[in-house]
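Presented below is the structure to which this report refers.
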Amino acid sequence: MNPPSDPPAWRELLGREYLGAAIVLAGGVLVGAISIYLAASLLPTAVADLGGAGFYAWNMTVYLVAMVIATMLTGRLLSRWGNVGAYVLGFTTFTAGSLACALSPAMAVLLISRGVQGLGAGLLSGLGFAVIRAVLPARLWTRGAALMSAMYGVGNFAGPALGGLFAQFGSWRPAFGVMAVIAAGCGAMVPRVLPRGERGGIRVPIPAGSLLLVMAAAGAVSVTGVVAGTLAKAAGIGVALLLVAGFIVHERRSELRVFPRTTYRRGSSLKWVYLTLGLLAFGVAVESFLPLFGQRLAGLPPIVAGFFAAAVSLGWSVTQIGSSSVTGERAVRRLRVLGPILLALGLFVQGLLQRADTPIWLVLVWVPVLFVAGAGIGLAYPHLSVAAMSSTSDPEEGGRAAAAIATVTSLAIAFGTAVAGILVNLAGDSMLDAARYVLFGLAIICAIGALTAHAADRTSRTKSADQAPLHQGS
């Protein structure tokens, strides 16, 4: 099932007919993306108020694990509650978690509240991709996927900026209150702008085995990011990889699964699509370390270093505006392969440009290089998302395939951050070596995405060629 090749128009997506739905879908992804990094800027102020410095690093861990779990449940909740019910649940959960964060009297309560907030964010992220099929015509899927994807980039920029603004004035609680108000406003729009969708009459069983394995893998990756020592971090990554392998084996054999059945069929391109999406998201992890490199190597003040690091997200978001206009099959295939290459090349060149006591003119060169790296994500991500959504004509399987985009993205960012942490540790006390290890290492890993994108296109063309005689014969 492929969307039409007519060029989509932004003015149609943002016109009167679809604007409300676009705001709800984009708003749901955006509040979750902002909240990933919002707390990082607020935590020093919150710790000064609440205490509990020993739980500092767990704030991100709890949020990301909860987010991954919720993305895996999106399809089940859609089947049970329909579009409107699932979205109302997502916004309500996120709003409740945000309010609880704002009112937390102790760090332990803040951690629990972040978990609730993460559950809402994960559900909204999964729904953003899953519901595109139901609320938009196929000709606008690419634009819709680009809008959802761009919200991750905008969130990566807005989260630290918003958190830093409130932290500057020593007020961390109102920041969570603002997120609650935004989420509540979007939630109030849901019944008026979204089709209700079909609600199943029976309860869909939860794939408990798959859920536990992914939850354990996400937990292992997140813990890897907070433990000390290269050996401990490497062991954490190894455990996480084993759990992911166990998840794949379990999914292939089980009747209850998270990913659509097509993913595990011989000759299916969907697994390669997911791998490419994951490798693109893997590169986003560099943003967690760029402020550190900017401050230590170039002497940038923290707020400037933070905005400098957002060049990757800016390139990701802006490039999708043009990329989503491309509809030709050959051009789309090229963009899917070019994206990982451009991302890897940008990270590699950035590694070559690292210097101790970096002069300001070289810092100014960093920005366009990082923008180009982010542009690689923007070129490929919306088209890969549409490839996943178009992988089946079955509505339930299609929704599951779309929701899995958020699961893959969240897991890949968590894995990327953990791997980057190991690379930083390998450098010892040398910040210059740490920067080079992270940038070169992530560049090599992201470059593999060009191979998986090529494999996806080759598999898809082979399948189309095999089916052509059948269509001609009929």
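Worth knowing before you read on, the calculation uses all heavy atoms, side chains too, and leaves out hydrogens, waters and symmetry mates.
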From CA spacing to verdict: side chain to side chain contact (heavy atoms under 4.5 Å, CB included), C186, V31: CA-CA 10 Å; C186 290; V31 294; 5.7 Å; no
Smallest separation among heavy atoms of L362 and L353, with atom names: CD2-O, 3.3 Å
Heavy-atom pair with the smallest gap, counting every atom of T71 and T74: O-OG1, 3.1 Å
Backbone of T319 reached by a side-chain donor or acceptor of S323 within 3.5 Å: no
Stepwise side-chain hydrogen bond (donor to acceptor under 3.5 Å, both in side chains) test for T452 and T276: CA-CA 6 Å; T452 58; T276 309; 2.8 Å; yes
4.5 Å side-chain heavy-atom contact, F94 and I182: no
Under 3.5 Å donor-acceptor, E287 side chain and S313 backbone: yes
Non-neighbouring partners of Y63 that pass ring pair (Phe, Tyr, Trp, His ring centres under 6.0 Å), sequence neighbours left out: none
Check: W272 side chain, H454 main-chain N or O, donor-acceptor pair, under 3.5 Å: no
Working for side chain to side chain contact (heavy atoms under 4.5 Å, CB included), residues Y437 and V424: CA-CA 7 Å; Y437 287 175; V424 168; over 6 Å; no
Closest contact, heavy atoms only, L280 versus I377: O-CD1, 3.8 Å
Under 3.5 Å donor-acceptor, R133 side chain and M389 backbone: yes
Closest non-hydrogen atom pair between L279 and L343, with its separation: O-CD2, 4.3 Å
Under the side chain to side chain contact (heavy atoms under 4.5 Å, CB included) test, residues paired with F166 that sit two or more places apart: L42, L162, P174, A175, V178
Under 3.5 Å donor-acceptor, S149 side chain and A145 backbone: no
Nearest atoms (heavy-atom pairs only) where C446 meets L347: SG-CD1, 4.3 Å
Nearest-0.5 Å distance, CG of residue L314 to CG of residue L370: 11.0 Å
Modelled atom types, side-chain donor and acceptor of T459 and S269, under 3.5 Å: no
Side-chain heavy-atom pair H383, T142 within 4.5 angstrom cut-off: yes
CZ/R173: more than 12 non-hydrogen atoms of other groups inside 6.0 Å: yes
Listed partners of V154 passing side chain to side chain contact (heavy atoms under 4.5 Å, CB included), at least two apart: L30, M151, S317
Point-to-point distance, once rounded to the nearest 0.5 Å, from CZ of R334 to CG of L379: 13.5 Å
Residues forming a side chain to side chain donor-acceptor pair (under 3.5 Å) with W172, sequence neighbours excluded: D49
Heavy-atom check, side chain of M107 versus side chain of L110, under 4.5 Å: yes
Donor-acceptor pair, side chain of S35 and main chain of G32, under 3.5 angstrom: no
Any residue meeting ring pair (Phe, Tyr, Trp, His ring centres under 6.0 Å) with F259, in chain and number order, not counting sequence neighbours: F247, Y274
Test side chain to side chain contact (heavy atoms under 4.5 Å, CB included) applied to L277 and S385, step by step: CA-CA 8 Å; L277 281 167; S385 299; 4.2 Å; yes
Residue pair L439 / V286, side-chain heavy-atom distance below 4.5 Å: yes
Distance (rounded to the nearest 0.5 Å) between L335 CG and L384 CG: 10.0 Å
Heavy-atom side-chain proximity of S325 to R143 below 4.5 angstrom: yes
Heavy-atom check, side chain of L423 versus side chain of F440, under 4.5 Å: no
Interatomic spacing from NE2 in H250 to CG in L243 - rounded to 0.5 Å: 13.0 Å
Separation of M431 CE from L292 CG (nearest 0.5 Å): 4.0 Å
S268 side-chain N/O to Y264 backbone N/O, donor-acceptor pair under 3.5 Å: no
Listed partners of T93 passing side chain to side chain donor-acceptor pair (under 3.5 Å), at least two apart: none
Side chains of L345 and V372 in contact at under 4.5 Å (non-hydrogen atoms): no
Closest non-hydrogen atom pair between L411 and V214, with its separation: CD1-CG1, 4.1 Å
Min side-chain heavy-atom separation P260-T263 under 4.5 Å: yes
T409 vs V284, side chain to side chain contact (heavy atoms under 4.5 Å, CB included): CA-CA, chis, key distance, verdict: CA-CA 10 Å; T409 300; V284 178; over 6 Å; no
Interatomic spacing from CD1 in I132 to CG in L147 - rounded to 0.5 Å: 8.0 Å
